[in-house]
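Numbering of ligands and ligand atoms starts at 1, following listing order.
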Amino acid sequence: MKLTVLGASGTYPRPGGATNGFLVQEGETDLVLDLGNGCLSNLLKEAGFADLDAVVVTHMHIDHFGDVYPLFFALRFNPDEPWGLRLLLPRGGLQLMGRILGEDSREYLPRVFAVETISEGRDSRVGKMDLSFYATRHPVEGYSVRLEGGGWTMAYSSDSSPCPGLEKAAAGADLFICEATLPASYEEEASHGHLTSTQAGEVAERAGVKRLLLTHIWPTFDPGDIVREVESVYGGEVELAQEGMVFLLGGEEHGQA
Ligand SMILES: [Zn+2]
Ligand SMILES: [Zn+2]
């Protein structure tokens with residue numbers, strides 16, 4: 001499996017960057033986990049929009065789904081009408097997206113996308129990958145994602161304060177993409193729906209993940225400080241997600257694209 005980081009900033013992008021998004025490619029299958037603002041441009045370097053098999057939106061915050069809009073228009077106005085792209089999102093997500101579209105566009109949303117509602121306990125399959133979802137603790141309904149393919153397991157926290165779902169999603173994963181929005185000293189702020197650095201490290205340690213990829217760090221903070229704080233509580237390998245970074249799971253090493 002090949003994982004490409006499309007966007008790694010929390011809430012708003014660093015200069016030249018993008019907010020949250022990850023492309024997972026296994027065999028002929030292209031799966032996107034979140035598509036925040038700025039991600040589509042990076043996605044199109046790696047895959048054609050008409051070739052995507054599914055897009056998962058973990059929760060309806062703009063830094064996780066902003067670029068589903070330009071993806072919608074790319075599909076909507078393509079003369080081949082490559083419609084029916086699977087869009088997995090929390091309940092009510094498509095209606096929320098439709099609110100800022102004109103009526104003429106809104107009616108195409110459920111034709112361009114084949115919508116599937118995600119919830120805890122309702123597993124899904126994309127290509128040969130099994131997806132399961134675990135409720136997060138965040139101001140809106142959201143889900144951590146656990147992905148299992150041929151000989152590998154990956155997890156993605158989405159946005160969440162500490163909660164049981166994070167550890168269930170990440171248990172024993174080969175790679176855990178985990179938000180670490182704030183430094184350790186910001187525990188009070190994080191309690192409204194995010195993890196501090198040390199909380200992210202503690203989740204990874206308890207879940208026994210083999211490798212930890214930190215993401216969603218607010219651009220106002222020094223990522224180096226966050227990594228050091230995570231390393232004080234987590235004994236495994238820690239890396240910072242950056243746009244263009246590539247990981248190969250299932251026996252191979254990763255590198256920069
Ligand atoms: Zn976010
Ligand atoms: Zn959020």
(Q) side chain to side chain donor-acceptor pair (under 3.5 Å) for D159 and H61? Distances and angles first, verdict last. (A) CA-CA 10 Å; D159 291 358; H61 274 164; 4.6 Å; no

Q. If you look at D159, which of its N/O/S atoms is nearest to the Zn ion (ligand 2)?
A. OD2

Q. Is there an N/O/S atom in H138 that lies less than 2.8 Å from the Zn ion (ligand 2)?
A. yes

(Q) Which atom name does H216 have for its N/O/S atom nearest to the Zn ion (ligand 1)? (A) NE2

**Q.** Mutual orientation of the aromatic rings belonging to H64 and H59 [parallel < 30°, tilted 30-60°, perpendicular > 60°]
**A.** tilted

Q. Do K128 and E26 sit within salt-bridge range, that is, some charged N less than 4.0 Å from a carboxylate O?
A. no

Q: Answer with yes or no whether the side chains of S160 and T136 bring together a donor and an acceptor at under 3.5 Å.
A: no

Q: Output the atom name for the N/O/S atom of H61 with the smallest distance to the Zn ion (ligand 2).
A: ND1

(Q) Among the N/O/S atoms of D63, which is closest to the Zn ion (ligand 1)? Give the atom name. (A) OD2

Q) Is the closest basic N to carboxylate O distance between E148 and R146 below 4.0 Å? A) yes

Q) Hey, is there an N, O or S on H59 sitting under 2.8 Å from the Zn ion (ligand 1)? A) no

